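First the structure, in the form of structure tokens, and then the observations on it.
Please read all numbers here as calculations on a predicted model, not as lab measurements. Proteins come first, then strands; the chains are lettered A, B, ... in the order of their sequence lines, and each starts at number 1.
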Amino acid sequence: MRLTHLPLTTLKEVPADAEIISHQLMLRAGLVRRLSSGLFTWMPLGLRVLRKVERIVREEMDRAGALEILMPAVQPAELWQETGRWDVYGDLLLRIRDRHDRDYCFAPTAEEVVTEVARRELRSYRQLPVNYYQINTKFRDEIRPRFGVMRAREFVMKDAYSFHLDQASLEATYDAMAEAYSRIFTRLGLRFRKVDAHGGEIGGSRSQEFHVLAESGEDRIAWCEGDSFAANVEMAPAAPPAIPRPAGTQALTRVPTPGVRSIDDVTAFLKVGASQCLKTLVVEGSDGGLVALLLRGDHELNPLKAERAPGVARPLKLASPERVLAATGAPVGAIGPVNLPLPMVADHSALVLADFVCGANAADAHLTGVNWERDLPLPRAADLRNVETGDPSPGGGGALTIARGIEVGHIFQLGDKYSQSMHAVVLDQDGKERVMTMGCYGIGVSRIVGAAIEQNHDGNGILWPEPMSPFDVILIEINPKKSDPVTAAAGALYKDLQAAGFDVLFDDRDARPGVKFADADLVGIPHRLVVGERGVREGKAEYRHRTSGNEEQVGLTDVLDFLRARRELPRQG
RNA sequence: CGGGGUGUAGCUCAGCUUGGUAGAGCGCUUGCUUCGGGAGCAAGAGGUCGCAGGUUCGAAUCCUGUCACCCCGACCA
């Protein structure tokens with residue numbers, strides 16, 4: 001592709017409403033343009049990237065035995081009413097009405113439609129298992145679209161749905177999908193982790209997420225290098241401390257703490273570490289009352305774990321300050337477990353504190369030197385907190401590492417939630433109807449593009465992993481109008497590269513070199529070839545690798561072999 | 001849905017307080033000079049100042065309404 005035939009508009013300035021780097025770079029490099037909130041047009045360069053991702057996804061799905069289909073993006077309400085999700089899905093579902101006043105929605109997902117397909121097509125257990133997939137546009141009417149294509153309302157998703165006679169077959173396909181996903185993200189050249197995940201309301205027994213590792217990720221994931229443990233932090237169990245509680249040495253003392261509310265206030269005012277404090281969070285209870293949750297001061301409450309604690313209401317809801325005051329006589333921030341008239345559940349690590357600091361259940365006062373069993377009885381223990389870096393792995397292989405991730409894939413064992421309510425059955429060996437059991441497997445195709453940039457960029461622009469770069473090579477001619485030999489050499493090289501099967505972007509614009517270099521860096525094509533007068537005189541082109549910055553002179557006749565040798569192999573693991 | 005903010009040229013923004021009929025930088029067009037990391041000079045094109053009312057001799061500016069977008073939170077997973 002010649003740049004004189006591709007109206008590429010790059011931006012020097014950062015668009016005002018782009019918050020994160022991938023969004024900024026995608027706009028600056030001309031990959032996408034925003035049409036409206038959460039809606040993007042994929043421009044030529046961006047679409048090439050999207051297509052490369054799709055191709056790899058498609059190849060690996062096919063290899064894993066999945067069958068590609070294409071389902072309507074607009075779906076009738078009747079199907080959604082069959083499973084009850086028409087009412088449950090809420091405002092995330094974009095509802096549409098046609099000229100006959102019939103209700104439809106724009107698909108946010110396709111369990112209903114694919115189950116309808118399966119119950120019509122599949123009659124016999126002999127046909128199973130079947131794994132249908134599609135790559136299609138989805139729409140979710142997000143409350144707050146943000147981060148460009150990473151949380152858009154309209155997006156491209158690969159969604160697959162498998163149908164089985166029994167759990168063993170489901171597990172086999174689930175494992176095959178997990179393997180296919182690992183291959184996909186490996187081939188894309190991304191650093192990623194597969195982690196145990198929370199299935200959420202979608203139901204089912206087992207679920208794992210695939211995360212691209214990036215600082216800007218919205219999720220936190222924990223894993224251990226020494227064993228196979230890996231989980232979303234929201235799902236990672238924290239082991240009870242191995243060491244016993246030390247003996248108390250201090251006397252229980254009530255100290256005035258005017259204006260002190262938060263743990264930060266306490267540590268600053270009393271000059272103690274947060275890990276020496278105990279914090280008390282009051283939440284709504286399942287019986288309409290309140291429940292106090294006790295955590296070490298430096299620990300973070302895990303909402304999913306808290307919801308499973310005895311007596312805690314679902315969904316988890318912090319009690320209002322008024323309710324807390326009414327129930328305890330003390331304001332939020334001064335609550336502590338000593339003589340607290342509420343049921344209490346303590347995190348394991350809070351129970352090995354000694355001589356700790358906590359609220360005194362009175363405004364502007366705290367207690368120091370508090371000790372379990374001397375000053376107050378031990379409450380019920382539970383795992384309530386988020387794991388932290390350095391916590392022991394549940395797998396026993398050593399310490400946990402925690403990093404941020406962007407969720408780009410999610411696989412579920414669904415069970416019969418949809419097949420049951422939609423009566424998707426086949427006849428088994430005995431001629432008896434059996435409800436099929438299902439799995440579903442999603443990949444955020446358009447999100448991958450943003451995630452890849454989050455993970456791979458520098459101060460000058462994008463650093464595409466080779467497999468998803470819009471072009472393999474960018475060829476720049478320097479001052480072509482001034483030098484016929486340069487024009488001739490660059491033109492010939494362009495033809496040769498194309499003939500050799502390289503995707504080449506040829507910057508043949510009549511622009512200054514600096515402009516071309518800056519655009520090349522911004523767009524992020526991995527291999528750059530420069531043909532200029534001083535090189536051509538010696539029969540050479542200048543090669544530069546975008547990511548490493550390494551430069552070399554290459555003979556014009558050696559370029560093809562040189563580049564072939566430099567194509568990256570897929571990253572391992 | 002609650003709170004905050006912004007709508008002025010393709011992009012980033014100034015002008016608004018104190019009304020007098022619209023600007024800068026980048027980008028775009030043309031010419032000349034330049035030319036190996038986002039050139040210089042000159043001349044241009046481009047805006048019903050989000051939209052609709054109102055006040056006023058006169059509104060980008062003041063008032064009312066409305067729409068769109070952004071941020072924080074809640075919600076969702």
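- For the pair A:H23 NE2 and B:rC11 P, the computed distance is 13 Å after rounding to whole Å.
- Look at A:R34 and you won't find any side-chain N or O under 4.0 angstrom from OP1 or OP2 of B:rC69.
- Of all nucleotides listed (B:rC69, B:rA77, B:rC26), B:rC26 comes nearest to the side chain of A:E13.
- Every residue meeting the side chain to side chain contact (heavy atoms under 4.5 Å, CB included) condition with A:P44, not counting sequence neighbours, appears here in chain and number order: A:L6.
- Distance A:L93 CG to B:rC76 C1': 13 Å, rounded to the nearest Å.
- Atoms NZ (A:K317) and P (B:rA74) sit 12 Å apart, rounded to a whole Å.
- In a base pair of the Watson-Crick type (N1 to N3 plus N6-O4 or O6-N4) or a G-U wobble (N1-O2 and O6-N3), with each distance short of 3.5 Å, B:rC49 is matched with no nucleotide.
- Between the OH atom of A:Y89 and the P atom of B:rC76 there is a distance of 14 Å, given to the nearest Å.
- Taking atom C1' on both B:rU34 and B:rG40, the two are 8 Å apart, rounded to the nearest angstrom.
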Starting at the 5' end of nucleotides 31-40 of chain B, put B wherever the base has a protein heavy atom under 4.0 Å, S where only the sugar-phosphate does, and a dash everywhere else. ---BBBBBB-
Could you go through the salt bridge (charged side-chain N to carboxylate O under 4.0 Å, His left out) check for A:R85 and A:E112 one step at a time? CA-CA 9 Å; A:R85 287 210 295 181; A:E112 281 80 0; 2.8 Å; yes
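- Atom CD in A:E19 sits roughly 14 Å away from atom C1' in B:rG5 (whole-Å rounding).
- Residues A:F185 and A:F210 bring their aromatic ring centres within 6.0 Å.
- Annotation: B:rG3 and B:rA77 have their C1' atoms spaced 24 Å apart (nearest Å).
- Between the P atom of B:rC75 and the CG atom of A:D141 lies a distance of 18 Å, rounded to the nearest Å.
- A:K516 and A:D510 are not joined by a salt bridge, as no carboxylate oxygen comes within less than 4.0 angstrom of a charged side-chain nitrogen.
- A salt bridge links A:E551 with A:R544: at least one charged nitrogen is closer than 4.0 Å to a carboxylate oxygen.
- Figure legend. B:rG20 is base-paired to B:rC57; pairs are counted as Watson-Crick or G-U wobble with both atom distances under 3.5 Å.
- Looking at the side chain of A:I143, the nearest of the listed nucleotides B:rC75, B:rC11, B:rC70 is B:rC75.
- With a cut-off of 3.5 Å on both Watson-Crick or G-U wobble distances, the partner of B:rA42 is given as B:rU30.
- Relative orientation of the A:H527 and A:H545 rings is tilted, given thresholds of 30° and 60° on the angle between their planes.
- Of the C1' atoms belonging to B:rC11 and B:rG27, the separation is 7 Å, rounded to the nearest Å.
- Atom CE of A:M235 and atom P of B:rA77 are 15 Å apart (whole Å).
- The shortest distance between side-chain heavy atoms of A:M26 and A:I453 falls below 4.5 Å.
- Across the C1' atoms, B:rA45 and B:rG10 are found 13 Å apart, a figure rounded to whole Å.
- Separating the P atom of B:rU61 from that of B:rC49 is a span of 9 Å, rounded to the nearest Å.
- A gap of 28 Å separates the C1' atoms of B:rC71 and B:rG47, to the nearest Å.
- Atom CZ in A:R153 sits roughly 11 Å away from atom C1' in B:rC69 (whole-Å rounding).
- Between A:R144 and B:rC75 there is no side-chain N or O to OP1 or OP2 distance below 4.0 Å.
- With C1' as the reference atom, B:rC69 and B:rC63 are 23 Å apart, rounded to whole Å.
- Under the 3.5 Å distance criterion, with hydrogens and angles disregarded, no donor-acceptor pair is assigned to the side chains of A:T173 and A:N131.
- B:rC67 sits 24 Å from B:rC75 when the C1' atoms are compared, rounded to a whole Å.
- Base-pair partner of B:rG2: B:rC72 (Watson-Crick or G-U wobble, both distances under 3.5 Å).
- For the pair A:E454 and A:R447, the salt-bridge criterion is not met [side-chain N within less than 4.0 Å of a carboxylate O].
- Neither OP1 nor OP2 of B:rG27 sits under 4.0 Å from any side-chain N or O of A:T9.
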